[in-house]
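Here's the structure, in structure tokens; my notes come after.
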Amino acid sequence: MTDATSHQTSRRRSDVADAVFLPLDDYLGTIRIRMAVLLCQLPLTVMMTLILFLALLFKPATPWDPGVFLIPFLHVLIPAACLVLPWHRLPAGSFVLIPVADCLSVGLLREIGGPVLSVVGLLMAFPVIWLSVCVNRVRLALAVMAPIVATLASPLALGHEIEPSEMIRMIVFPTIMAALAFTGHAVARGLTKHREILNQNDRDLELLNKATADHAQLLDTVLETVNVGVWAMDTNGTDILTNRRFRSDRSWSRENVGGKNPFTICPGQVPEDSPSPAELAADGATFTHRLIRVGPNKDHQRTFSAAARPLLGESGHLKGSVLAFTDVTALVKAQTARDKFVATVSHELRTPLTSILGYLEILDEHPDPQYLGIIERNAERLLALINNLLLVACEELEIRRRPTNIGALLQESVRAAKSEATARGVTLTLSIQGAAEAGVDPRHFAKAVDELLSNAIKFSPEGRNVSVVLRDTDDRIELTVSDQGFGMTQQEQDAAFTTFFKADHAMETAIPGAGLGLPLCKAIIEAHAGTIKLESQPKSGTTVTIAMPR
């Protein structure tokens with residue numbers, strides 16, 4: 001037990017010991033001690049008032065001692081003293097003087113009243129109970145001693161002679177009051193012990209509630225932090241516990257799935273050959289890494305990996321299941337892209353290598369200098385592909401800026417691309433507006449321009465035009481490369497700058513390329529603090545715009 005807890009327990013015990021009247025301590029503790037003492041004194045005061053009234057009403061023929069009227073009258077004044085005394089200035093527990101005085105006044109009234117008022121002695125039970133029903137042993141001693149003193153001292157104080165026949169009463173009555181005092185004290189101690197047990201149970205319950213609340217808060221925080229949809233359900237598919245991620249995935253599924261929703265179990269659904277994870281979990285199945293695809297079509301489809309564990313009761317019966325849904329769409333796309341990359345790069349590398357090896361074999365049997373040129377071109381093509389792979393894989397390009405005439409650089413790139421354009425029946429046009437000078441890395445910037453021109457020519461049908469326009473403004477230069485080729489869908493545009501991406505048309509028509517051109521351009525332009533954007537319409541051509549700061 002900590003010092004703070006010990007201090008609180010000691011203080012509670014002290015408060016119980018100083019309680020005005022223990023059975024009503026909860027109520028009396030809410031009012032001032034003055035009112036508490038007055039309420040405890042009130043029953044005896046009412047009885048004294050009644051005795052005074054009856055004594056005046058039924059006066060016997062033989063005159064009574066004036067004390068029969070005086071003592072009740074004075075006793076009625078005790079409540080006034082309870083209201084007047086400054087209890088907050090007096091020592092703690094000083095209110096016990098009131099019930100002690102009550103015992104003495106009752107003893108005197110019983111002695112003065114004689115046989116007619118012998119029943120008055122029973123009124124001493126009120127102050128005795130008031131004193132004894134506590135855990136304070138000093139008050140118990142007062143509850144025992146006050147009746148004895150009142151019974152024995154009253155005749156002596158009044159000068160009455162004690163008859164031998166009175167000895168029985170004078171011995172038995174205090175004994176009865178003492179037994180009543182001990183009984184009241186025992187009840188009080190039992191009541192106090194029971195109250196301490198209840199208070200301890202309340203404290204334990206409060207600690208348990210706090211621990212439960214902390215645990216619930218921790219669980220809620222964990223569930224909302226993990227990037228996994230969590231669903232605890234009963235055997236009917238009713239939610240027991242969900243997190244925000246699962247609710248978001250289920251909401252998306254409802255909006256994008258026209259048929260069966262894999263995140264719910266609805267009665268009356270048409271059974272499928274392959275049950276959903278929710279249906280399997282409802283039957284108590286255990287599984288991990290069960291893939292489900294959700295979405296109306298391939299372009300708007302998401303892939304989830306589902307896992308489930310049964311939720312069992314104490315007797316081992318099935319109460320429900322807990323499922324976890326992990327969105328692995330990006331992972332599946334990455335794996336698909338990896339497979340496509342391996343196939344594409346393998347093809348792109350194999351083609352020049354096959355040509356090189358083939359001509360080397362021919363050269364060995366029939367030496368011819370023209371074969372060396374073919375071998376050199378294929379080797380350069382292979383080297384360029386490897387260099388592009390290295391550039392794309394590089395996290396940060398090393399840019400060496402210097403003042404460059406962009407117009408002259410474009411003219412050189414267009415001149416170099418003329419032969420490829422002519423071979424494909426494509427026309428190249430160049431328009432330069434302004435001086436067009438900027439601080440760039442000429443080698444890398446020329447590489448980006450060459451890739452854009454190569455893409456535009458490759459994807460343009462015969463007889464079409466590729467337009468290159470350079471505009472010079474006050475704070476930047478703007479380069480536009482437009483073709484009249486096959487164009488791209490919106491989904492293809494969104495993925496155009498992804499490494500190794502190739503449009504469906506390029507795949508179908510086997511247009512050569514590893515899907516590195518646009519990603520490489522983007523890396524180079526962004527390394528120059530520029531921007532690059534692409535606009536396209538299917539069968540209407542594509543326009544790529546580069547904006548570079550001067």
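For the pair Leu223 and Leu241, the minimum side-chain heavy-atom distance is below 4.5 Å. When side chains are defined from C-beta on, Val230 does not count as touching Thr242, because their heavy atoms never get closer than 4.5 Å. For the pair Arg245 and Phe325, the minimum side-chain heavy-atom distance is 4.5 Å or more. A 4.5 Å side-chain heavy-atom check between Pro174 and Met145 finds every atom pair outside the cut-off. With a 4.5 Å cut-off on side-chain heavy atoms, Leu218 and Val222 count as touching. Inter-residue side-chain proximity for Met548 and Arg476 is flagged as unmet; no heavy-atom pair is nearer than 4.5 Å. Inter-residue side-chain proximity for Ile292 and Pro277 is flagged as met; some heavy-atom pair is nearer than 4.5 Å. You'll find the side chain of Arg203 stays beyond 4.5 Å of the side chain of Leu208, heavy atoms only.
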Report the C-alpha separation of Leu311 and Leu318 in whole Å, then their side-chain angles, then the decisive distance to 0.1 Å, and conclude whether the side chain to side chain contact (heavy atoms under 4.5 Å, CB included) test is met. CA-CA 6 Å; Leu311 183 62; Leu318 182 65; 5.8 Å; no
Side chain to side chain contact (heavy atoms under 4.5 Å, CB included) between Thr531 and Ile546, worked out: CA-CA 6 Å; Thr531 60; Ile546 293 175; over 6 Å; no
Report the C-alpha separation of Leu104 and Val149 in whole Å, then their side-chain angles, then the decisive distance to 0.1 Å, and conclude whether the side chain to side chain contact (heavy atoms under 4.5 Å, CB included) test is met. CA-CA 8 Å; Leu104 296 177; Val149 173; 4.2 Å; yes
Let me see the working for Phe173 and Ile168 under side chain to side chain contact (heavy atoms under 4.5 Å, CB included), right down to the final yes or no. CA-CA 8 Å; Phe173 181 76; Ile168 298 176; over 6 Å; no
Name the atoms and distances for all side-chain donor-acceptor pairs under 3.5 Å in residues 85-100, with sequence neighbours left out.
| residue | atom | partner | partner atom | Å |
| --- | --- | --- | --- | --- |
| Trp87 | NE1 | Cys82 | O | 2.8 |
| Ser94 | OG | Pro91 | O | 2.9 |

Atom pairs and distances, donor-acceptor, side-chain atoms in residues 44-51, under 3.5 Å, two or more places apart:
| residue | atom | partner | partner atom | Å |
| --- | --- | --- | --- | --- |
| Thr45 | OG1 | Gln41 | O | 3.1 |
| Thr49 | OG1 | Thr45 | O | 2.8 |

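Scored by the side chain to side chain donor-acceptor pair (under 3.5 Å) test, Arg244 finds Glu224 as partners (sequence neighbours excluded). Taking the salt bridge (charged side-chain N to carboxylate O under 4.0 Å, His left out) definition, one finds that Arg302 meets it with Asp249, Asp327, sequence neighbours left out. Ser536 is linked by a side chain to side chain donor-acceptor pair (under 3.5 Å) to Thr542, counting only residues two or more places apart in sequence or in another chain. For the side chain to side chain donor-acceptor pair (under 3.5 Å) test, no residue two or more places apart in sequence or in another chain qualifies with Gln537. Every residue was checked against the salt bridge (charged side-chain N to carboxylate O under 4.0 Å, His left out) condition with Asp283, not counting sequence neighbours, and none meets it. In this structure, the salt bridge (charged side-chain N to carboxylate O under 4.0 Å, His left out) partners of Asp214, at least two apart in sequence or on a different chain, are Lys210.
Taken to the nearest 0.5 Å, the CG atom of Leu109 stands 8.0 Å off from the CG atom of Leu123. Atom-to-atom distance recorded for Gln200:CD and Leu205:CG is 11.5 Å, nearest 0.5 angstrom. To the nearest 0.5 Å, the span separating OG1 on Thr183 from CD1 on Ile129 amounts to 10.0 Å. For the atom pair CG of Leu122 and CE of Met124, the computed distance is 9.5 Å after rounding to the nearest 0.5 Å. One finds the CG atom of Leu219 at 9.5 Å from the CG atom of Asn243 (value rounded to the nearest 0.5 Å). Atom SG of residue Cys521 and atom CD of residue Glu526 lie 11.5 Å apart, to the nearest 0.5 angstrom.
Sparse packing is recorded around CZ of Phe53, with 12 or fewer heavy atoms of other residues, nucleotides or ligands lying under 6.0 Å away. Heavy atoms of other residues, nucleotides or ligands lying less than 6.0 angstrom from CD1 of Ile197 number more than 12. Counting non-hydrogen atoms of other residues, nucleotides and ligands closer than 6.0 Å to CZ of Arg34 gives a total above 12.
No donor-acceptor pair closer than 3.5 Å links the side chain of Asn236 to the backbone N or O of Thr238. Without hydrogens or angle criteria, Asp220 side chain to Ala216 main chain gives no donor-acceptor distance under 3.5 Å. Without hydrogens or angle criteria, Ser132 side chain to Leu140 main chain gives no donor-acceptor distance under 3.5 Å. Side-chain atoms of Thr151 do not come within 3.5 Å of backbone N or O of Ile148 as any donor-acceptor pair. Proximity of a side-chain donor or acceptor of Arg139 to a complementary backbone N or O of His185 within less than 3.5 Å is not detected. Listed for the Trp252 side chain is no donor-acceptor partner under 3.5 Å among the backbone atoms of Arg247.
Within the structure, salt bridge (Lys or Arg N to Asp or Glu O under 4.0 Å) contacts touching residues 228-237 (residues at least two apart or in different chains) do not occur. Pairs passing the side chain to side chain donor-acceptor pair (under 3.5 Å) check and including a residue from residues 108-117, sequence neighbours excluded, read Glu111-His160. Sorted by first and then second residue, the pairs that involve residues 202-237 and meet ring-ring contact (aromatic ring centres under 6.0 Å, His included), not counting sequence neighbours, are Trp231-Phe246. Judged as a side chain to side chain donor-acceptor pair (under 3.5 Å), the pairs with a partner in residues 310-321 (not counting sequence neighbours) are, in order, Ser315-His317.
With respect to the salt-bridge test (charged N to carboxylate O, under 4.0 angstrom), the residues Asp202 and Arg195 do not qualify.
Listed here is the closest heavy atom pair of Pro147 and Val144: CD-O, 3.4 Å.
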